[in-house]
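Here is how names work: the chains are called A, B, and so on, in the same order as the sequence lines, proteins then strands, and each is numbered from 1. Given the structure is predicted, the values throughout are model-derived calculations rather than measurements.
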Amino acid sequence: MLKLFNSYSGEIEEFKPIEPGKVSMYVCGPTVYDNPHLGHARCYITWDVAYRYLKFLGYDVTYCRNVTDVDDKILAKAEKEGISPDDVAKKYYDIFTESMNKLNNLKPDLEPFATKNIGEMIAINKKLIENECAYESDGDVYFRVKKFPKYGQLSKQPIDDLVAGARVEASSKKEDVLDFALWKKDEKHGYPSPWGNGRPGWHIECSAMARKHLAPQVDIHAGGADLIFPHHENEIAQSECANGTQFVKYWLHNGFVTINKEKMSKSLGNFVTIDGILENYDTNTIRFFILTNHYRMPVEFNDEALEAASAGVKRLSNAVNNLLSYVGKENLIENIDSEEIGQFKEAMDEDFNSSKALAVMFDLANKGNKAKDENNKDSALKYISSLMTIARVLGFDFEKIEISEEQLKEKLDIIVGEFDFIDKNQSAIEIMNKIIEARNKARTDKDWTTADKIRNELDKIGIVLKDSKDGITIWELK
RNA sequence: GGCGGCAUGGCCAAGUGGUAAGGCAGGAGCCUGCAAAGCUCUUACCCCCAGUUCGAAUCUGGGUGCCGCCUCCA
């Protein structure tokens with residue numbers, strides 16, 4: 001039984017979807033005006049794993065992640081770069097998408113753009129004005145916070161303290177400091193509306209897209225913890241006032257990536273971009289690094305942590321690849337149900353306890369390696385099948401990339417001159433076999449100098465030799 | 001100031017009141033010509049004080065330290 005920490009109640013709750021067997025999941029997507037950083041990676045990896053796990057449990061999941069492509073920051077960037085706001089949005093959306101792909105995040109089922117849903121936003125605003133939950137003021141539309149008594153429930157903020165802490169803007173068009181914009185007058189870049197040309201406020205975008213693309217009531221709404229106030233608080237107010245039903249059943253929020261104990265963020269400027277981090281560490285390492293911590297806890301970024309993650313990934317991928325070649329990939333058991341899969345579910349059912357889930361993978365790697373050492377193929381097959389299943393649900397891809405004949409030949413050409421026994425015209429595989437044969441002959445002759453030289457040359461081009469007990473030497477990429 | 005969270009071995013980290021998962025790093029050993037990979041063994045009275053309890057890392061109260069939200073932010 002899946003249990004989730006609901007930010008709204010502040011408690012762990014049993015997960016029961018509105019409609020049995022179906023889950024609607026809305027995650028606040030990016031505002032596309034700059035390169036995504038590790039904080040975004042954390043957020044979207046977290047919810048990617050949630051999505052994968054819900055599907056693994058057999059739910060029919062509809063995952064919707066919006067794209068905010070109309071925003072002050074996009075306009076500012078457009079100004080700065082001397083291109084149109086649309087081009088800014090397109091450029092950074094493409095970068096974002098590429099980053100998500102590189103991180104092995106599944107594509108959401110729906111990815112609505114704010115600019116394509118302006119009509120729905122206007123419709124909600126009209127409804128809210130009708131309700132007197134909102135009002136027009138000189139081309140702007142504001143939400144009347146006092147009309148929604150539950151305001152502050154999600155963020156647990158007493159409304160009086162919010163008033164006290166609110167910034168008082170000069171020449172405000174608002175009735176009350178707490179009121180927030182649903183629509184902003186913008187004659188230059190705006191869209192036509194009953195209130196003149198303008199742009200939607202950020203909060204209304206998500207309310208509109210969630211309602212239009214999912215339903216007035218969604219099962220899960222997730223995002224970074226920094227969105228709790230005011231973004232999600234405002235979404236609740238708007239949606240519930242407009243729809244007359246509860247907006248979200250389970251509010252889920254992920255913690256931050258920190259650097260020197262401080263939140264990594266655009267405004268602090270202490271961020272590492274996803275592309276930047278991928279230059280030094282691979283996808284699995286980043287995912288592993290993120291998943292070692294529970295999703296609600298902060299994750300401290302530093303090289304030691306990434307190195308540790310990288311070493312952990314290496315251990316798992318060694319086990320996976322060694323075991324796959326031992327049992328034969330084609331023999332893997334589909335949909336295996338084992339004791340370890342049970343432990344994995346138990347872990348993930350506890351509010352996505354990924355840290356425990358990783359421990360199950362290490363346990364399987366260890367058991368699998370042992371089974372292989374003992375030459376127990378049946379056991380090994382069971383363990384690797386379970387391990388592969390878990391890896392898939394967590395979004396890992398541990399399998400070594402197959403190198404093509406051409407790529408191998410290209411590599412070998414670099415070192416082939418070192419060996420006089422090689423005929424350059426042979427195929428890459430033949431050359432590899434020749435090299436290994438030559439080294440094994442040297443080993444038999446106890447000519448360690450030659451044997452080591454061959455191994456070192458191969459190491460230079462990223463090929464590692466592994467001698468096994470039965471006298472067979474295999475090669476693989478580093 | 002208001003609200004919320006966190007403090008577990010050298011580092012990261014899980015932990016549902018009964019005597020501390022896992023990973024990384026380190027050490028010892030096995031295997032190996034040497035490696036690589038793998039296997040085995042190995043390092044904790046859980047920030048401090050008080051309380052509840054037969055029993056607390058886990059509950060309560062009080063400290064101390066760190067962080068987040070309260071403004072755009074994943």
Between atom [atom1] in [X] and atom [atom2] in [N], what is the gap in whole Å?
| X | N | atom1 | atom2 | answer |
| --- | --- | --- | --- | --- |
| A:Asn270 | B:C67 | CG | C1' | 13 Å |
| A:Phe229 | B:C70 | CZ | P | 8 Å |
| A:Ile259 | B:C67 | CD1 | C1' | 15 Å |
| A:Glu300 | B:C6 | CD | P | 17 Å |
| A:Asn260 | B:G68 | CG | C1' | 16 Å |
| A:Phe288 | B:G22 | CZ | P | 14 Å |
| A:Asp160 | B:C3 | CG | P | 12 Å |
| A:Asn375 | B:G38 | CG | C1' | 14 Å |

Identify which nucleotide among [options] has an atom closest to any side-chain atom of [X], counting heavy atoms from C-beta outward.
| X | options | result |
| --- | --- | --- |
| A:Pro158 | B:C69, B:U40, B:G2 | B:G2 |
| A:Met297 | B:A74, B:G5, B:A37 | B:G5 |
| A:Asp467 | B:A35, B:G38, B:A74 | B:A35 |
| A:Met264 | B:G15, B:G38, B:A74 | B:A74 |
| A:Arg315 | B:G38, B:A21, B:C69 | B:G38 |
| A:Phe362 | B:A21, B:G23, B:A74 | B:G23 |
| A:Ala311 | B:A74, B:A25, B:C66 | B:A25 |
| A:Asn318 | B:G38, B:A14, B:G33 | B:G38 |
| A:Pro230 | B:U71, B:A74, B:A37 | B:U71 |
| A:Ala308 | B:A74, B:C69, B:C24 | B:C24 |

With a non-hydrogen cut-off below 4.0 angstrom, is [X] in contact with a base, only sugar-phosphate, or nothing?
| X | value |
| --- | --- |
| A:Asp373 | sugar-phosphate |
| A:Ala305 | nothing |
| A:Leu465 | base |
| A:Gly39 | base |
| A:Ala359 | base |
| A:Tyr44 | sugar-phosphate |
| A:Lys263 | base |
| A:Glu304 | nothing |
| A:Ile228 | nothing |
| A:Val27 | nothing |
| A:Lys372 | nothing |
| A:Gly255 | base |
| A:His294 | sugar-phosphate |
| A:Asn366 | sugar-phosphate |

**OP:** Tell which nucleotide pairs with B:U19, taking only Watson-Crick or G-U wobble pairs whose two distances are both under 3.5 angstrom.
**Re:** none
Original post:
Should B:G65 form a Watson-Crick or G-U wobble pair with both distances under 3.5 Å, which nucleotide is its partner?
Top reply: B:C6
What interatomic distance, in whole Å, is found between [atom1] of [M] and the corresponding atom of [N]?
| N | M | atom1 | answer |
| --- | --- | --- | --- |
| B:A35 | B:G26 | P | 15 Å |
| B:G22 | B:A44 | P | 14 Å |
| B:A57 | B:A50 | P | 14 Å |
| B:C59 | B:A25 | P | 33 Å |
| B:G9 | B:A36 | C1' | 30 Å |
| B:A74 | B:C41 | C1' | 44 Å |
| B:C12 | B:C46 | C1' | 15 Å |
| B:C11 | B:U43 | C1' | 14 Å |

Are [X] and [N] close enough that a side-chain N or O sits under 4.0 Å from OP1 or OP2?
| X | N | result |
| --- | --- | --- |
| A:Asn353 | B:G15 | yes |
| A:Lys466 | B:U32 | no |
| A:Lys3 | B:U16 | no |
| A:Asn293 | B:C12 | no |
| A:Asn369 | B:C39 | yes |
| A:Lys266 | B:A74 | no |
| A:Asn322 | B:A36 | no |

Cation over ring face, [X] and [Y], 6.0 Å, 45°:
| X | Y | value |
| --- | --- | --- |
| A:Arg65 | A:Tyr26 | no |
| A:Arg296 | A:Phe5 | yes |
| A:Lys266 | A:Phe271 | yes |

Parallel, tilted or perpendicular, judged at 30° and 60°: which one describes the rings of [X] and [Y]?
| X | Y | result |
| --- | --- | --- |
| A:His253 | A:His232 | tilted |
| A:Phe396 | A:Phe398 | parallel |
| A:His203 | A:His231 | tilted |

Original post:
Does a side-chain heavy-atom distance below 4.5 Å link A:Leu106 with A:Tyr51?
Top reply: yes
Subject >> Polar side-chain contact A:Arg455-B:A35 base: donor and acceptor under 3.5 Å >> reply: yes
**OP:** Classify the side chain of A:Asp452 and the base of B:G33 as holding, or not holding, a donor-acceptor pair under 3.5 Å.
**Re:** yes
Subject >> Residue pair A:Phe229 / A:Ser155: nearest heavy atoms and the distance that separates them >> reply: CD1-OG, 3.4 Å
Subject >> Is_stacked (A:Trp448, B:G33) at 5.5 Å, 30 deg >> reply: yes
Original post:
Which residue, A:Tyr250, A:Phe352, A:Tyr53, forms the ring-ring contact (aromatic ring centres under 6.0 Å, His included) with A:Phe15?
Top reply: A:Tyr250
Original post:
Do the side-chain N and O atoms of A:Arg42 and A:Asn293 include a donor-acceptor pair separated by under 3.5 angstrom?
Top reply: no
